[in-house]
Amino acid sequence: MQQTITFPSGTVNYLFNTSIDEIAALSNGRQVVVVMDSNVALLHKARFEKYNVLIIPSGEQSKALSTIETLTEGLLKTSAGRDTLLVGVGGGVVTDIVGLLGTIYMRGVSFGLVPTTLLGMVDAAVGGKNGVNLGLHKNIVGTITQPEFILFDTSFLKTLPHEEWSNGFAEIIKYACIFDAEMFDNLACNSLGYYQQNEDAFLTLIEKCVAWKNKTVLEDERETAIRKLLNFGHTFGHAIENMHGIPHGHAVAIGMVMACKISEEVTGLDKGITEQLKTILKKYGLPVQIETDYAKAMEILRMDKKRTGDTINYILLQSIGKAIIKPLPFSVIENTLSQL
Ligand SMILES: NC(=O)c1ccc[n+]([C@@H]2O[C@H](COP(=O)([O-])OP(=O)(O)OC[C@H]3O[C@@H](n4cnc5c(N)ncnc54)[C@H](O)[C@@H]3O)[C@@H](O)[C@H]2O)c1
Ligand SMILES: [Zn+2]
């Protein structure tokens with residue numbers, strides 16, 4: 001399926017269920033430079049023989065300004081010009097970097113994204129946000145620029161490690177919690193193995209998540225209001241992700257359970273929903289709690305950019321499919337943590 005959506009910052013062509021070989025046609029005669037990380041290169045570089053390929057080390061550490069500098073040198077060596085098409089093939093690390101590089105190389109060249117992780121397909125490659133880190137400051141330098149196209153070729157997922165599947169499902173479960181009760185029920189009835197074996201169900205799931213993200217971004221590309229809902233599970237999640245160095249999806253899973261517990265107190269969320277969510281998370285290989293230093297987690301929360309004075313904007317659930325943004329006093333969060 002193909003879909004074109006126009007956002008304030010640009011028009012994106014969504015190519016679902018499409019082979020990577022389509023890049024030749026998409027380039028329309030332009031020079032193509034592909035960027036990928038070392039893991040993806042090892043597994044898939046043979047599919048890009050025709051093109052110049054720039055390879056960066058895999059991992060979050062590559063999301064740094066120094067990588068933008070190295071890639072810029074690489075582009076200059078290939079004589080890339082304003083008419084070059086840059087293609088990012090990889091997980092969120094590569095698509096975030098290529099989004100920023102494409103925005104600033106020669107003040108902007110066309111770029112397309114080919115997400116190769118589940119998390120990239122349902123989240124990172126979609127929505128136009130890009131950026132790199134500086135020290136512990138995550139995504140501190142970046143822009144919102146939409147790619148020319150996003151190509152979804154699920155054959156890349158055949159080589160994806162199991163843990164990365166779970167990480168992707170954490171974000172899928174997030175969309176279900178905040179927007180889609182029917183998806184929540186489907187996830188409860190099915191399993192990771194089911195989606196790995198049933199391509200049609202899996203493609204539908206990816207397309208639904210992309211549709212939810214696009215709907216949100218269309219309304220609020222610059223995250224002044226509704227786009228914030230996508231941070232469900234991410235406030236506490238980011239704090240423990242940094243403290244424990246655990247995978248993002250694991251941190252978000254624990255953060256979503258925490259947000260539900262706070263919701264029980266604040267919005268009157270049915271306790272049964274929190275239990276249902278925990279069952280689903282476990283089914284998809286995700287943790288639901290962590291032994292942590294809660295005082296330290298509170299310290300990190302107090303430094304969060306969503307803080308104003310003694311409150312923090314927290315995403316809570318009223319029910320499955322109905323999320324709200326609520327300024328919460330830190331004392332309410334502390335209170336919930338102390339009862340764990
Ligand atoms: N811009 C956004 O809106 C947005 C949203 C969510 C996350 N992100 C960013 O995305 C990043 C996380 O994305 P991610 O989880 O995809 O991480 P990632 O890019 O590091 O990929 C995870 C791992 O999978 C490997 N990999 C990628 N594709 C593979 C394949 N097909 N087969 C085997 N291995 C493969 C990678 O080499 C890496 O080791 C973070 O930096 C996060 O900040 C951005
Ligand atoms: Zn996330």
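Both counts, for ligands and for their atoms, begin at 1 and track the order of listing. Throughout, residue positions are numbered sequentially from 1 according to the sequence presented.
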Please determine whether a side-chain nitrogen of the Lys or Arg among [X] and [Y] lies less than 4.0 Å from a carboxylate oxygen of the Asp or Glu.
| X | Y | result |
| --- | --- | --- |
| Arg302 | Glu334 | yes |
| Glu275 | Lys278 | yes |
| Arg227 | Glu219 | no |
| Lys129 | Glu221 | no |
| Glu223 | Lys228 | no |

Starting from [atom], what is the nearest protein heavy atom, named by residue and atom, and what distance separates them?
| atom | answer |
| --- | --- |
| atom 10 (O) of ligand 1 | Gly92 CA, 3.2 Å |
| atom 3 (O) of ligand 1 | Lys213 NZ, 3.5 Å |
| atom 9 (C) of ligand 1 | Asp96 OD2, 3.5 Å |
| atom 6 (C) of ligand 1 | Asp123 OD2, 3.6 Å |
| atom 18 (P) of ligand 1 | Val93 CG2, 3.9 Å |
| atom 35 (C) of ligand 1 | Leu160 CD1, 3.8 Å |
| atom 41 (O) of ligand 1 | Glu60 OE1, 2.7 Å |
| atom 8 (N) of ligand 1 | Ala124 CB, 3.6 Å |

[X]-[Y] side chain donor-acceptor pair, cut-off 3.5 Å:
| X | Y | result |
| --- | --- | --- |
| Glu164 | Thr117 | no |
| Thr143 | Asn130 | yes |
| Asn139 | Lys63 | yes |
| Asn133 | Glu60 | yes |
| Asn231 | Tyr314 | no |

Does any N/O atom on [X] come nearer than 3.5 Å to any N/O atom on ligand 1?
| X | answer |
| --- | --- |
| Thr159 | yes |
| Val126 | no |
| Ser58 | no |

Atom CZ of Arg107 and atom CZ of Arg82: how far apart are they, to the nearest 0.5 Å? 8.0 Å
Evaluate the ring planes of Phe202 and Tyr195, with Trp represented by its six-membered ring, and classify them as parallel (under 30°), tilted (30 to 60°) or perpendicular (over 60°).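 Rings of Phe202 and Tyr195: tilted, 30 to 60°.
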Ring geometry between Phe48 and Tyr51 (parallel below 30°, tilted from 30 to 60°, perpendicular above 60°): tilted
Can you sort out which atoms of ligand 1 are near [X], meaning under 4.0 Å from one of its heavy atoms?
| X | value |
| --- | --- |
| Lys138 | 40 (C), 41 (O), 42 (C), 43 (O) |
| Leu43 | 32 (N), 33 (C) |
| Lys129 | 1 (N), 3 (O) |
| Gly91 | 16 (O), 19 (O) |

Looking only at heavy atoms of [X], does any of them come nearer than 4.0 Å to an atom of ligand 1?
| X | answer |
| --- | --- |
| Asn167 | no |
| Lys158 | no |
| Gly249 | no |
| Glu163 | no |
| His248 | no |

Sequence neighbours excluded and cut-off under 3.5 Å, please list the side-chain donor-acceptor pairs for residues 70-78, or say none.
unit_1, atom_1, unit_2, atom_2, d
Thr70, OG1, Ser66, O, 2.9
Thr72, OG1, Ile68, O, 2.6
Thr78, OG1, Leu75, O, 2.8

Using the salt bridge (charged side-chain N to carboxylate O under 4.0 Å, His left out) rule, take Arg30 and Glu148 through it: C-alpha gap first, then chi angles, then the decisive distance, then the call. CA-CA 13 Å; Arg30 292 172 289 180; Glu148 181 177 300; 2.7 Å; yes
Region of [X] that comes within reach of ligand 1 [heavy atoms, distance under 4.0 Å]:
| X | value |
| --- | --- |
| Val40 | side chain |
| Thr95 | neither |
| Leu119 | side chain |
| Glu164 | side chain |
| Asp37 | side chain |
| Pro161 | side chain |
| Glu171 | neither |

Are any N, O or S atoms from Glu171 nearer to the Zn ion (ligand 2) than 2.8 Å?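 So Glu171 counts as coordinating the Zn ion (ligand 2), yes.
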Do Arg47 and Phe156 form a cation-pi contact, if we require the NZ or CZ to be under 6.0 Å from the six-membered ring centre and within 45 degrees of the ring's axis? yes
